[in-house]
Amino acid sequence: MGSVTAEEGVLLYRISESAASSSSSAASDEWNPTDTVIFFGLSLGLGIACRHVLRGTRVPYTVALLVIGIALGSLEYGTSHELGRIGDGIRLWAHIDPDLLLAIFLPALLFESSFSMEIHQIKRCMAQMLLLAVPGVLISTCCLGCALKLIFPYNWSWTTSLLLGGLLSATDPVAVVALLKELGASKKLSTIIEGESLMNDGTAIVVYQLFYRMVLGESFNWGSIVKFLTQVSLGAVGIGIAFGIASVMWLGFIFNDTVIEIALTVAVSYIAYFTAQEGAGVSGVLAVMTLGMFYAAAARTAFKGDGQQSLHHFWEMVAYIANTLIFILSGVVIAEGVLSSGNIFHNPGHAWGYLFLLYIFIQLSRFVVVGVLYPFLQFFGYGLDWKEATILIWSGLRGAVALSLSLFVKRTSDSSIYLSSETGTLFVFFTGGIVLLTLIVNGSTTQFILHLIDMDRVSATKKRILNYTRYVMLSKALKAFGDLGDDEELGPVDWPTVKTYIASLNNLEGSCEHPHSASEADNLDPNNLKDIRIRLLNGVQGAYWGMLDEGRIMQKTANILMQSVDEAIDLASQEPLCDWKGLRSNVHFSSYYKFLQASIFPQRMVTYFTVEWLESACYVCAAFLRAHRIAQRQLHDFIGGCHIASMVINESRAEGEEARKFLEDVRVVFPQVLRVLKTRQVTYSVLNHLIDYVQNLEKVGLLEEKEMLHLHDVVQTELKRLLRNPPLVEVPKITDLIHPLLEALPSMVRRVLEGSAEGIIKPCGVPLYKKDSYPNGVWLISNGVVKWTSNSIRSTHSLHPTFTHGSTLGLYEVLVGKCYLYDITANSLVLCFFIESEKILSVLESDPAVEDFLWKESAIVLAKLLLPRVFENMLMEELRVLVAKRSVIIVYKRGKTIEVSHDSIGFLLEGLINAHGSQEESIASPAVLLPLQGDQSSQNMEISATGTQTDGDILPVEPSKKFPLFFSFGFFGKLETYHGSNTGLAQ
């Protein structure tokens with residue numbers, strides 16, 4: 001048979017649709033389109049009654065709806081269409097276009113389901129979901145296709161058999177999600193089953209589209225098949241992400257308008273579905289599923305307070321209405337399709353028997369899929385045990401998606417040369433029957449299987465907690481009775497009568513058993529420990545939500561904090577509380593910012609991003625400490641100070657040490673950050689308090705609604721201005737934080753240097769400069785601690801190789817024109833100021849006293865570097881005073897001897913010298929000169945070249961000149977020299 005192109009296949013499909021619609025136009029002309037509203041209202045009424053009656057029973061709501069739909073369809077058909085306008089409404093919905101059916105219900109249901117999933121569990125279970133959704137669907141399609149081709153007596157081609165096999169491989173997310181919500185399955189199992197049903201629904205539709213085109217005559221080779229599947233699936237994911245990014249960005253510009261926020265989620269789900277399915281020709285199901293998961297990851301915290309509750313209730317209502325309509329409608333379509341195809345009952349194939357056989361094959365194929373993939377399902381994500389695998393096999397329900405696809409085939413077969421009308425009828429019959437059997441048999445027995453394998457049993461730990469909670473509730477009831485039992489107007493109340501209406505608390509009086517007794521605390525039952533840790537972490541997460549509503553944290557910070565709690569809950573049974581582990585990378589300076597610091601980007605841009613990181617880190621630390629403090633108090637108030645609770649609370653306190661230290665460092669080094677963040681929080685809280693106050697005045701009747709709205713809009717405007725233009729952190733100017741170097745300089749020189757000083761923030765671990773690099777400037781440490789390291793300068797005797805507030809680093813190298821002698825790295829958060837070398841050198845010529853002062857200032861750092869045993873423990877202020885009062889700078893010319901008295905220390909700042917008694921070895925600057933041991937008078941050093949000494953003079957020398965520059969100051973007290981140095985010279 002000749003093949004047709006894709007365009008011809010689409011044309012044939014449109015012609016078939018036109019023929020099908022024209023054949024029923026005569027009947028439809030007699031129907032009133034408004035009759036559809038009757039069916040809509042009738043379905044909702046029946047759904048409400050059904051949910052009300054079945055509440056508290058084990059009968060799944062969706063199964064009951066399907067049965068009601070079958071009953072409605074059978075009644076309408078059995079009465080020979082004599083139900084009047086109600087029957088007209090039923091027939092109008094029963095003949096709805098399958099494409100329209102999916103387009104109406106699927107976007108809302110898929111978005112609600114995927115948006116309600118927890119993104120952390122999606123990440124953990126993604127590999128398992130993909131295994132079941134991609135290889136699983138292909139395995140199921142092949143198994144069912146082979147069974148239909150080899151066992152069923154319909155002589156279908158391989159493509160037709162695989163078409164029905166792929167169609168029946170779609171585990172319907174609508175049916176599965178509705179069932180799981182009713183049964184209350186565990187989050188882990190619910191995530192795997194729900195995610196798999198969402199994904200494999202999209203995969204099965206893609207496989208269906210492939211075989212549908214092949215049945216209509218298109219030819220595909222393996223390359224084109226792979227290309228088609230890749231384009232349809234990856235294109236859908238790309239469209240979903242694109243719409244997600246665009247809509248979330250738009251959501252960021254909407255301020256406190258719940259109606260618009262909810263309307264945006266509805267609009268984007270339908271537009272994304274239409275764009276993917278109709279515009280791009282890819283899977284609309286995968287596009288909406290991706291969109292919902294993107295929202296779950298990026299936009300869950302965008303809805304705060306009442307807006308979040310409104311969004312939740314809205315989508316819950318949409319899901320309820322859509323589920324009610326789609327399951328009743330599915331029942332109607334099944335009944336109409338089966339009853340109107342009378343030839344099925346008389347054909348030699350015995351279709352009913354083969355329907356039950358097909359149901360068995362579907363269960364077997366599901367068993368094969370899970371069995372083949374079971375080793376991989378055990379390895380990835382949370383793992384999978386045999387009990388969960390059993391539920392995974394049995395929960396493969398089929399629903400409206402498979403039914404709608406079969407209706408496509410039926411309509412095409414009515415006028416297609418590739419598919420017979422009988423084949424289309426069998427497709428609807430088999431699909432409708434499988435939907436009916438899986439929902440009624442699997443859906444109604446899943447609860448029993450859960451009970452049979454003990455998956456619905458409450459653990460002993462949870463039972464004790466529940467019983468203890470009931471005692472706490474009784475004490476709260478007694479307290480409420482004490483507060484309300486007598487009043488001025490009505491007098492006392494009868495407590496025994498009150499108790500009869502609180503039946504759940506009866507028979508609780510007496511001793512209250514604590515959920516964690518002393519004997520269990522001694523054994524430290526891992527289940528008890530895990531339970532308490534999870535309860536505290538849930539309290540921490542609840543505190544984060546509260547802080548988000550209060551404006552203490554922003555959306556981005558909230559996402560980071562929530563994710564850390566989810567990760568810690570996964571590890572609650574394996575190790576102590578570890579939610580700080582997930583936050584540490586957001587507090588420590590990341591490689592991204594280190595790249596900015598080391599790059600050629602403008603310093604102002606680097607400082608901006610550094611301050612932004614610092615703000616985020618402070619938000620994280622402050623929120624972490626506050627949330628844990630709240631959760632600790634709540635846990636203690638709930639179950640008291642039992643041993644296990646105390647252990648978990650101590651774990652919580654220990655986790656906060658690093659965050660507490662970080663905030664202390666920021667408070668010392670850069671307190672402006674904390675002040676600005678607190679200002680934002682307080683401003684937001686005050687404005688929110690004003691909004692609540694105005695709304696309360698309107699509630700009690702003291703303000704009219706119009707007055708309240710006017711004041712509300714005024715405060716909302718202020719709140720919006722706060723969020724759009726919050727107070728910013730400004731890096732302090734050097735004039736705000738006087739450095740000792742600048743304070744001692746003449747005012748004219750100080751103004752020159754202050755004008756060129758640039759404030760810089762260096763996080764811990766970021767270098768200020770590297771050894772052997774060109775000295776491009778001087779670093780003035782204002783706040784924080786930096787650490788020095790060098791291979792050429794011996795630091796083995798330095799216990800604390802650090803510099804703190806008031807240090808001047810790099811000045812010596814700038815004066816002598818040498819490369820930096822050591823590496824300087826921030827050992828904490830550091831606030832410093834940078835002055836370029838040109839500015840320092842330009843002020844040397846202004847005044848000889850300035851040059852003398854700068855040389856002495858450079859010697860202060862050298863003293864700590866070269867002689868740590870003597871000067872390391874001295875404060876910078878003390879050392880600076882000692883240098884100012886007891887030091888002298890002498891310039892020696894060639895050939896003269898340097899004399900160091902027994903109560904002095906000398907430093908060679910520039911030039912070369914020969915040690916006493918050595919004509920070969922030269923010592924280069926910088927070096928320290930000490931008196932010889934046993935010589936209490938002086939130490940003589942012979943200069944390496946000839947010349948005359950200028951006695952009593954201090955000569956200003958340019959750094960480029962190679963004259964030895966000697967710096968000496970007195971030191972009172974015991975002078976410890978290095979043993980083993982015969983010359984008394986330490987370098």
Side-chain angles (χ1 to χ4, degrees), residues 104-119 122 239-275 287-322 541-542 544-563 680 684-685 687-688 690-692 694-695 705 708-709 712-726:
I104 291 174
F105 293 110
L106 272 189
L109 289 169
L110 292 174
F111 181 84
E112 187 273 338
S113 178
S114 54
F115 180 48
S116 63
M117 297 174 70
E118 295 186 11
I119 189 62
I122 293 176
I239 289 175
I241 294 176
F243 274 95
I245 293 174
S247 58
V248 168
M249 290 178 63
W250 191 355
L251 198 63
F253 291 97
I254 301 173
F255 179 76
N256 280 5
D257 196 329
T258 304
V259 174
I260 295 180
E261 292 172 346
I262 295 175
L264 178 60
T265 61
V266 177
V268 73
S269 61
Y270 279 92
I271 294 174
Y273 181 86
F274 177 81
T275 303
V288 177
M289 181 204 70
T290 305
L291 174 68
M293 290 184 178
F294 184 87
Y295 261 74
R300 185 179 297 276
T301 54
F303 306 95
K304 300 184 285 291
D306 295 338
Q308 187 185 47
Q309 290 296 323
S310 300
L311 181 74
H312 172 73
H313 292 316
F314 171 81
W315 279 108
E316 188 176 34
M317 182 193 69
V318 168
Y320 168 73
I321 293 175
Q541 197 165 60
Y544 289 148
W545 280 111
M547 285 185 274
L548 180 63
D549 293 339
E550 296 170 2
R552 290 181 176 272
I553 54 177
M554 296 295 105
Q555 178 184 347
K556 178 182 177 183
T557 306
N559 286 330
I560 296 171
L561 293 167
M562 303 288 184
Q563 182 179 349
R680 294 178 189 171
Y684 191 96
S685 297
L687 291 173
N688 265 337
L690 293 177
I691 291 174
D692 294 339
V694 170
Q695 290 176 339
E705 183 180 4
M708 184 274 293
L709 291 176
H712 182 274
D713 291 342
V714 171
V715 181
Q716 285 278 23
T717 302
E718 298 297 330
L719 190 58
K720 185 176 182 180
R721 186 165 65 90
L722 170 67
L723 296 178
R724 294 286 186 265
N725 300 295

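The structure displayed is predicted, hence computed values, not measured ones.
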Side-chain touch Glu112/Val318, heavy atoms, less than 4.5 angstrom = no
For the atom pair CG (Leu109) and CD1 (Ile104), what is the distance rounded to the nearest 0.5 Å?
-> 11.5 Å
Tyr273: what forms a ring-ring contact (aromatic ring centres under 6.0 Å, His included) with it, not counting sequence neighbours?
-> none
Within-4.5 Å side-chain heavy-atom neighbours: Glu705 and Leu709 | yes
Between Val288 and Ser269, what is the shortest heavy-atom contact and its length?
-> CG2-O, 3.6 Å
Just one of Ile260, Thr258, Val259 clears the side chain to side chain contact (heavy atoms under 4.5 Å, CB included) bar with Ile262, so which one?
-> Thr258
Measure the shortest side-chain to side-chain distance between Met708 and Val694 over non-hydrogen atoms and say whether it is less than 4.5 angstrom.
-> yes
Which class fits the ring pair Trp315 and Phe111: parallel under 30°, tilted 30 to 60°, perpendicular over 60°?
-> tilted
Output yes when a side-chain donor or acceptor of Thr717 lies under 3.5 Å from a complementary backbone atom of Asp713, and no otherwise.
-> yes
What are the two closest non-hydrogen atoms of Ala299 and Val248, and how far apart are they?
-> CB-CG2, 3.9 Å
Identify the two heavy atoms, one from Ser114 and one from Ala296, that lie closest to each other, and give their separation to 0.1 Å.
-> O-CB, 4.0 Å
Tyr320, OH: over 12 other non-hydrogen atoms inside 6.0 angstrom = yes
Less than 4.5 Å apart, any side-chain heavy atom of Phe314 and any of Val266?
-> yes
Looking only at heavy atoms, what is the nearest atom pair of Tyr544 and Met562, with distance?
-> CB-CE, 3.8 Å
Nearest 0.5 Å please: distance from the CE atom of Met293 over to the CG atom of Leu110.
-> 10.0 Å
Please report the closest heavy-atom contact between Ala272 and Leu291, naming both atoms and the distance.
-> CB-CD2, 4.1 Å
Decide side-chain contact (heavy atoms from CB on, under 4.5 Å) for Ile245 and Phe294; before the verdict, give the C-alpha distance in whole Å, the side-chain angles of both, and the deciding distance to 0.1 Å.
-> CA-CA 8 Å; Ile245 293 174; Phe294 184 87; 3.5 Å; yes
Got a second to check how far Thr557's OG1 is from Met554's CE, nearest 0.5 Å?
-> 7.5 Å
Is a side-chain donor-acceptor pair under 3.5 Å present for Tyr295 with Ser247?
-> yes
Those residues at least two apart in sequence (or on a different chain) that pass side-chain contact (heavy atoms from CB on, under 4.5 Å) with Leu719 are Phe255, Asn256, Tyr684, Leu687, Asn688, Ile691, Gln716, Leu722
Which distance, rounded to the nearest 0.5 Å, do you find between the CZ of Arg680 and the CG of Leu723?
-> 10.5 Å
Rounded distance [0.5 Å steps], CD in Glu550 versus CE in Met547 | 8.0 Å
Please examine the side chains of Val268 and Trp250, heavy atoms only from C-beta on, and report whether any two atoms are closer than 4.5 Å.
-> no
d(Thr265 OG1, Tyr270 OH) to nearest 0.5 Å is 11.0 Å
Any side-chain heavy atom of His313 within less than 4.5 Å of one from Glu316?
-> yes
Using modelled atom types only, decide if a donor and an acceptor are shared between the side chain of Gln555 and the backbone of Ala298 within a distance under 3.5 Å.
-> yes
